[in-house]
Student: 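Take this structure, written in structure tokens, and hold onto it; I'll ask about it next.
Quick note: numbers below take in every heavy atom, side chains included, and nothing from hydrogens, waters or symmetry partners.
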Amino acid sequence: MKGFALLGIVSALAFGLSACGDDNSSSSPVDLIDVESSAVVDDGLSSSSADPLSGGSANLSGSFANLSGSSAAESSDSVTQNSSAADSSSVNSSSGKNPAESSSGAGVSSSSVALGDTTATVAYSLKPFKGPLANPHKGFTLLTEGAWNFVPEFEFGPDKNGAWNVITYGSGYQRWDKLNPGKGVYDWSVLEDLLNVLQEHGLGYALRVFPYSPSYIRNSSAPASEYDWTPEWVYKEGAKRDTAVFQDNGVRAQVPAWEDPVYLKAAKDFATALAAKYDGDPRLEYIDVRTFGEWGEWHVSHLDGSDMPSLKIQKEILDHYASVFKKTLLALPSDAYGEIYTYALGLGITKRDDGFIGIPGTADSLVRAYKAGLPTIAENIGSYERMLTFDNHSYMRWTPERWVHEITTAHLTYYVLEQESDCGFQIYSEHKDLVDSMTHVIGYNFKVEKAELLTIASDKETTNTLNITVKNTGIAPCFFDVYVVAEFVDSTGAVLEQLGKTVKVSKGTFKDEMVRDFTFANSVPAKQTNVAALPGVSVALSIYESEDAFKSGKNPTVRFDNDGLQANNKLLLKP
């Protein structure tokens with residue numbers, strides 16, 4: 001075998017640190033407060049591939065290597081999960097310092113040589129992404145009551161309210177009687193209009209269907225249809241009503257008899273129809289199970305004379321929802337606690353709480369859902385303006401410190417930024433930097449901490465191996481499948497070829513604070529062009545929600561938390 005000269009490529013390497021303040025170049029939430037190919041299935045275990053370091057030759061030209069070869073049909077890849085510091089060999093190999101680092105400065109990598117081969121290592125410089133980072137299936141939402149929220153005339157619409165720049169989905173309620181106006185009759189048109197306009201803006205939707213809204217019990221002459229949103233045909237079928245007194249104003253009002261069998265059958269039939277229409281619809285983030293009580297929140301605390309149904313009936317409703325919804329996330333509403341909460345978690349139904357910030361212990365309660373491996377969801381107990389008036393006796397006052405503490409304690413994946421009609425305008429106007437920083441914290445947050453491209457050339461073939469280390473610096477796991485892709489791109493960002501295979505990371509396996517290593521490799525015969533060695537070629541990393549999206553040429557929807565994000569959401573690695 002011929003001997004070859006050493007090819008030295010020296011590049012600065014900077015590690016991307018977590019969004020929680022490890023990087024002195026960026027402020028953490030607390031700092032801000034103080035200042036004011038088929039997929040390789042990854043099951044969370046280490047998998048190995050054929051040794052990518054065999055054989056190859058290089059043609060050296062000038063001061064740079066022109067490493068020969070073009071991509072072969074076969075490529076190798078592997079994924080290693082670092083779950084604890086106890087796995088010292090894995091940690092050292094993935095995130096420890098290179099023994100060959102130059103002593104002249106941290107983050108400087110030098111080439112190493114295998115006997116008879118030419119080896120070149122390019123270490124990429126990694127910096128944190130500045131500004132808000134909105135990613136799908138997590139983060140903030142604003143109240144979106146209809147497609148009209150997006151018309152130019154709306155006072156707090158996307159064109160006038162900067163808070164829309166940090167949200168990832170809309171949320172709001174629909175009336176049961178409007179969606180289900182007759183027995184076996186369903187009208188999804190208004191909801192469809194809203195889902196479509198949200199999708200056009202790159203947003204999902206969290207659906208709540210209300211059977212009742214006491215907010216509209218204004219006087220004794222108000223017709224029941226104004227506040228009782230159970231369809232009238234349900235009562236014509238024989239469902240009974242109770243008479244209750246609304247505590248807020250002493251008005252007598254009609255309320256569904258929540259245990260009535262006709263009511264329960266109608267509620268289950270509606271759930272079945274809703275699932276047939278929307279289960280698995282990518283436009284929906286989650287659906288609240290709002291069958292009972294005021295606003296469907298599983299309580300009747302303002303209605304004297306109305307009682308919640310038995311625990312047995314509550315469980316029957318949850319069983320039915322779990323049986324018809326196989327894909328879309330379900331959420332148990334605010335006031336369902338105790339045994340029914342435990343029961344819901346056992347069915348894979350998560351918890352949503354509307355008492356956030358104001359009621360002590362709310363965040364701690366949501367931790368149960370987080371520990372059960374489910375996303376947690378929260379909405380403030382009142383508007384931001386109202387929470388500023390709390391005296392910390394009955395309810396806790398909103399402060400920046402308390403806001404961050406409650407969000408992180410609950411390991412929130414989804415959070416309603418503001419619930420009043422001003423759509424978060426005030427809170428975002430007063431705390432923009434803090435809100436922006438929390439987009440890197442809520443839910444998952446993928447940050448590339450290390451990236452190196454190793455090229456080995458012999459007289460038989462050239463191999464290119466990209467090793468990256470990624471950390472989830474968010475406060476929750478990623479609750480959907482993701483597909484990680486590496487590609488060689490030219491100076492314009494155009495894709496030249498894929499590097500290695502697509503790697504699938506199954507939902508729930510990339511947990512918060514977890515560090516994982518990914519390897520993408522290809523080998524090409526000698527005497528063919530090695531794309532990696534062409535002038536102006538770099539590496540782009542992408543995260544897709546499906547492999548089909550990647551294969552069909554769509555842009556990725558998930559972004560890394562690193563500087564170098566392109567308009568197409570791919571991360572361009574820079575030496």
Student: Nearest heavy-atom pair of Val558 and Pro136: which atoms, and what distance?
Tutor: CG2-CG, 3.8 Å
Student: How about Thr465 and Thr519: do any of their side-chain heavy atoms sit closer than 4.5 Å?
Tutor: yes
Student: Tabulate below the donor-acceptor pairs under 3.5 Å that side-chain atoms of residues 198-207 make, not counting sequence neighbours, or state none.
Tutor:
from, atom 1, to, atom 2, distance (Å)
His201, ND1, Val197, O, 2.9
Tyr205, OH, Gly172, O, 3.3
Tyr205, OH, Gln174, NE2, 3.3

Student: Regarding Asp561 and Arg559, does a basic nitrogen lie under 4.0 Å from an acidic carboxylate oxygen?
Tutor: no
Student: Tell me if a side-chain donor or acceptor on Thr469 pairs with a main-chain N or O of Glu449 at a distance below 3.5 Å.
Tutor: no
Student: Please find the pair of heavy atoms, one from Val505 and one from Arg516, that lie closest to each other, and give the distance.
Tutor: CG1-NH1, 3.7 Å
Student: Side-chain contact test, heavy atoms from C-beta onward, threshold under 4.5 Å: evaluate it for Pro556 versus Ile543 and give yes or no.
Tutor: no
Student: Would you verify whether the NZ or CZ of Lys351 falls within 45 degrees of the ring axis of Tyr341 while also being under 6.0 Å from that six-membered ring's centre?
Tutor: yes
Student: My understanding is that only one of Leu571, Leu541, Leu133 makes a side-chain contact (heavy atoms from CB on, under 4.5 Å) with Asn562; could you say which?
Tutor: Leu571
Student: With sequence neighbours left out, write down each residue that passes ring-ring contact (aromatic ring centres under 6.0 Å, His included) with His320, or none if nothing qualifies.
Tutor: none
Student: Above 12 or not: heavy atoms from other molecules or residues under 6.0 Å from NZ of Lys160?
Tutor: yes
Student: Test your reading of the model: is there a side-chain donor-acceptor pair from Asp279 to the backbone of Thr328, 3.5 Å cut-off?
Tutor: yes
Student: Could you report the tightest heavy-atom contact between Leu126 and Val448, atom names first, then the distance?
Tutor: CD1-O, 3.6 Å
Student: Is any side-chain N of the basic residue among Glu192 and Arg283 closer than 4.0 Å to the acidic one's carboxylate O?
Tutor: yes
Student: Within a strict 4.5 Å, meaning less than it, do heavy atoms of the Ile456 and Thr462 side chains meet?
Tutor: no
Student: Can you name the ring-ring contact (aromatic ring centres under 6.0 Å, His included) partners of Tyr321, sequence neighbours left out?
Tutor: Phe325
Student: Got a sec: does the CZ of Phe425 have more than 12 other heavy atoms crowding it under 6.0 Å?
Tutor: no
Student: For a ring-ring contact (aromatic ring centres under 6.0 Å, His included) with Tyr414, tell me which candidate from Tyr370, Tyr169, Phe140 qualifies.
Tutor: Tyr169
Student: Does a side-chain N-to-carboxylate-O contact under 4.0 Å join Asp319 and Lys315?
Tutor: no
Student: Test of understanding: with salt bridge (charged side-chain N to carboxylate O under 4.0 Å, His left out), list the residues that count as partners of Arg175, not counting sequence neighbours.
Tutor: Asp177
Student: Run the salt bridge (charged side-chain N to carboxylate O under 4.0 Å, His left out) test against Asp563 and tell me which residues pass, sequence neighbours left out.
Tutor: none
Student: Taking only residues two or more places apart in sequence or in another chain, which ones pass ring-ring contact (aromatic ring centres under 6.0 Å, His included) with Tyr278?
Tutor: Trp188
Student: Tell me which one of Val435, Thr439, Ile167 satisfies side-chain contact (heavy atoms from CB on, under 4.5 Å) with Pro132.
Tutor: Thr439
Student: Is a side-chain donor-acceptor pair under 3.5 Å present for Asp490 with Thr492?
Tutor: yes
Student: Mind jotting down which residue pairs meet the salt bridge (charged side-chain N to carboxylate O under 4.0 Å, His left out) criterion with at least one end in residues 530-542? Sequence neighbours excluded, please.
Tutor: none
Student: Check Val489 against Val495 and note the closest heavy-atom contact, atom names and distance.
Tutor: CG1-CA, 4.0 Å
Student: Using the test ring-ring contact (aromatic ring centres under 6.0 Å, His included), find all partners of Tyr173 that sit at least two apart in sequence or belong to another chain.
Tutor: Phe210, Trp229
Student: Report yes or no: do Thr342 and Arg368 form a side-chain donor-acceptor pair below 3.5 Å?
Tutor: yes
Student: On a heavy-atom basis, which atom in Ile475 and which in His411 lie closest, and how many Å separate them?
Tutor: O-ND1, 2.6 Å
Student: Looking at Ser334 and Asp354, would you say the former's side chain and the latter's main chain have a donor-acceptor pair under 3.5 Å?
Tutor: yes
Student: List in chain and number order the residues that pass salt bridge (charged side-chain N to carboxylate O under 4.0 Å, His left out) with Glu379, two or more places apart in sequence or in another chain; answer none if no residue qualifies.
Tutor: Arg208, Arg352
Student: List the steps, then state whether side chain to side chain donor-acceptor pair (under 3.5 Å) holds for Asn555 with Tyr544.
Tutor: CA-CA 8 Å; Asn555 291 334; Tyr544 288 85; 5.9 Å; no
Student: Passes ring pair (Phe, Tyr, Trp, His ring centres under 6.0 Å), Tyr428 versus Phe156? Steps please.
Tutor: CA-CA 12 Å; Tyr428 192 71; Phe156 298 104; over 10 Å; no
Student: With no hydrogens and no angle check, do the side chains of Glu452 and Thr121 hold a donor and an acceptor under 3.5 Å apart?
Tutor: no
Student: Is it true that Trp164 and Phe150 have ring centroids separated by less than 6.0 Å?
Tutor: yes
Student: Please examine the side chains of Phe550 and Thr502, heavy atoms only from C-beta on, and report whether any two atoms are closer than 4.5 Å.
Tutor: yes
Student: In chain order, what residues pass the side-chain hydrogen bond (donor to acceptor under 3.5 Å, both in side chains) check against Asn568, with sequence neighbours excluded?
Tutor: none
Student: Using side-chain hydrogen bond (donor to acceptor under 3.5 Å, both in side chains) as the criterion, list what pairs up with Lys138, not counting sequence neighbours.
Tutor: none
Student: Side chains of Asn472 and Asp512: do they bring a donor and an acceptor to under 3.5 Å?
Tutor: no
Student: Regarding Ser506 and Asp481, is there a side-chain donor-to-acceptor distance under 3.5 Å anywhere?
Tutor: no
Student: Going by heavy atoms in the side chains, are Thr455 and Thr463 under 4.5 Å from each other?
Tutor: no
Student: For Leu573 and Ala451, which heavy atoms make the closest approach, and how far apart are they?
Tutor: CD1-CB, 4.0 Å
Student: Quick check on ring-ring contact (aromatic ring centres under 6.0 Å, His included): which of Phe129, Phe560, Phe510 does Phe446 satisfy it with?
Tutor: Phe510
Student: Can Asn149 and Thr144 be counted as having a side-chain donor-acceptor contact under 3.5 angstrom?
Tutor: no
Student: Less than 4.5 Å apart, any side-chain heavy atom of Thr350 and any of Leu330?
Tutor: no
Student: Between Leu179 and Asp187, is there a side-chain heavy-atom distance shorter than 4.5 Å?
Tutor: no
Student: Decide, yes or no, whether a salt bridge links Glu513 with Lys471 under the criterion of side-chain N to carboxylate O below 4.0 Å.
Tutor: yes
Student: Determine whether Val539 and Leu466 satisfy the following criterion, side chain to side chain contact (heavy atoms under 4.5 Å, CB included), listing intermediate values before the conclusion.
Tutor: CA-CA 9 Å; Val539 174; Leu466 177 71; 3.7 Å; yes
Student: With sequence neighbours excluded, what pairs up with Asp159 under the salt bridge (charged side-chain N to carboxylate O under 4.0 Å, His left out) test?
Tutor: none
Student: Step by step, would you call Gln498 with Asn522 a side chain to side chain donor-acceptor pair (under 3.5 Å)?
Tutor: CA-CA 9 Å; Gln498 184 176 359; Asn522 69 355; over 6 Å; no
Student: Any side-chain heavy atom of Lys570 sitting closer than 4.5 Å to one from Glu487?
Tutor: yes
